[in-house]
Amino acid sequence: LKKAGIGYTHLAELGGLRHTTADSVNGGWRNTSFRGYADYMQTPEFQGGVERVIQLARDDRLAAEAVVELTGAMADGGLAPSAIELAPVADALVLRAGDPPQLRGALLSWRGTALTNVGKYADALKVLTEARSVLTRALGPNHPLTINAGFKLMRALDRQGDDEATKKLANELLAVTTESLGADHPETGAVIGRLGYYALGRGDYVAGRRLIERSIAIAERAFGPDSL
């Protein structure tokens, strides 16, 4: 990191395992470790750590954006449990920055991704539904961030095994991606492919094959015939 010009500062007041108490006001957290950290977030020590991050970044919004991006990198990079642990810190910084909807939606999307990746599908669906709602209100249904939140939600539904809800959302996303990105965009092709697999699952092999072939053709045009 040093050779790349990236600094590192360890902040013990923002990490570590924190224990809950019997009179915790954060009973909504079923996991005792998360509940313990939520309790700790209400202490002067945690607030001091947040202040230190802001001082290092010298800007509330920049600090929040950096931690949200780090949460996303962990969620997608094989460190989903760490992303879940970091999310409360990111949440505090987003609130400190004025709780901008785009940043709030991005954090919820990444937290939902992390929850999906650790198999907590019910929690993931709740968080990702909120993320999509926040981004839709702030940016509109056709914005790339809103569409991406929809894809994350579709993945969580698929992992949970809710075929009907997944198919319904896939059709919604197909209409949105076709309108905003175009019929030949790779994201549109990905939705078409997913719909093809659902058709196969229902025994509609003709429609399934047609949709999957169309999805493959879009991918080959976008990335080349050797990309698959």
Side-chain angles (χ1 to χ4, degrees), residues 1-2 4-135 137-138 145 149 152 156:
L1 291 176
K2 187 176 182 179
I6 300 173
Y8 171 77
T9 301
H10 178 70
L11 297 175
E13 57 267 48
L14 294 182
L17 175 65
R18 311 290 173 171
H19 297 287
T20 190
T21 58
D23 59 349
S24 172
V25 298
N26 297 294
W29 286 101
R30 294 190 297 273
N31 184 294
T32 55
S33 296
F34 294 161
R35 192 186 313 138
Y37 198 87
D39 294 342
Y40 175 68
M41 287 178 68
Q42 298 170 299
T43 66
E45 290 78 11
F46 176 83
Q47 294 303 320
V50 171
E51 292 290 344
R52 179 63 176 144
V53 170
I54 292 169
Q55 289 171 8
L56 290 170
R58 297 183 177 85
D59 182 277
D60 287 1
R61 177 70 181 246
L62 179 61
E65 289 175 350
V67 178
V68 169
E69 287 299 315
L70 178 59
T71 304
M74 288 179 168
D76 257 357
L79 297 171
S82 297
I84 294 170
E85 293 173 2
L86 182 60
V89 177
D91 183 71
L93 290 169
V94 170
L95 286 171
R96 175 65 180 256
D99 206 13
Q102 183 169 332
L103 205 52
R104 167 64 54 192
L107 175 57
L108 289 167
S109 290
W110 287 125
R111 183 166 168 248
T113 297
L115 289 166
T116 300
N117 288 343
V118 298
K120 295 182 183 249
Y121 303 127
D123 292 337
L125 291 174
K126 181 179 179 181
V127 171
L128 290 169
T129 298
E130 182 182 358
R132 191 177 180 220
S133 177
V134 167
L135 292 169
R137 289 195 302 270
L145 286 178
K152 293 176 185 294

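What you are looking at is a predicted structure, and each value in this text was computed from that prediction instead of being measured.
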Indicate the atoms forming the closest heavy-atom contact of [X] with [Y], along with that distance.
X      : Y      : value
Tyr40  : Glu13  : OH-O, 2.6 Å
Tyr121 : Thr116 : CE2-O, 3.4 Å
Ala12  : Arg18  : O-NH2, 2.9 Å
Asp76  : Thr113 : OD1-CG2, 3.7 Å
Ala131 : Gly105 : CB-O, 3.8 Å
Ala124 : Ala156 : CB-CB, 4.4 Å

Separation between [atom1] of [X] and [atom2] of [Y], rounded to the nearest 0.5 Å:
X      : Y      : atom1 : atom2 : result
Leu135 : Glu130 : CG    : CD    : 10.0 Å
Glu85  : Leu17  : CD    : CG    : 8.5 Å
Arg96  : Leu93  : CZ    : CG    : 8.5 Å
Asp123 : Leu128 : CG    : CG    : 10.5 Å
Asn117 : Met74  : CG    : CE    : 14.0 Å
Leu108 : Leu103 : CG    : CG    : 10.0 Å

If only atom types and distance count, is the side chain of Thr129 paired as donor or acceptor with the main-chain N or O of Leu125 below 3.5 Å?
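Yes; at least one donor-acceptor contact below 3.5 Å.
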Look at the side chain of Tyr37 and the backbone N and O of Leu86, then say whether any donor-acceptor pair between them is shorter than 3.5 Å.
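Pair absent, no side-chain N/O of Tyr37 close to backbone of Leu86.
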So do [Y] and [X] actually touch side chain to side chain, heavy atoms under 4.5 Å?
X      : Y      : answer
Pro101 : Arg137 : no
Met41  : Asn26  : no
Arg104 : Leu95  : yes
Arg111 : Asp91  : no

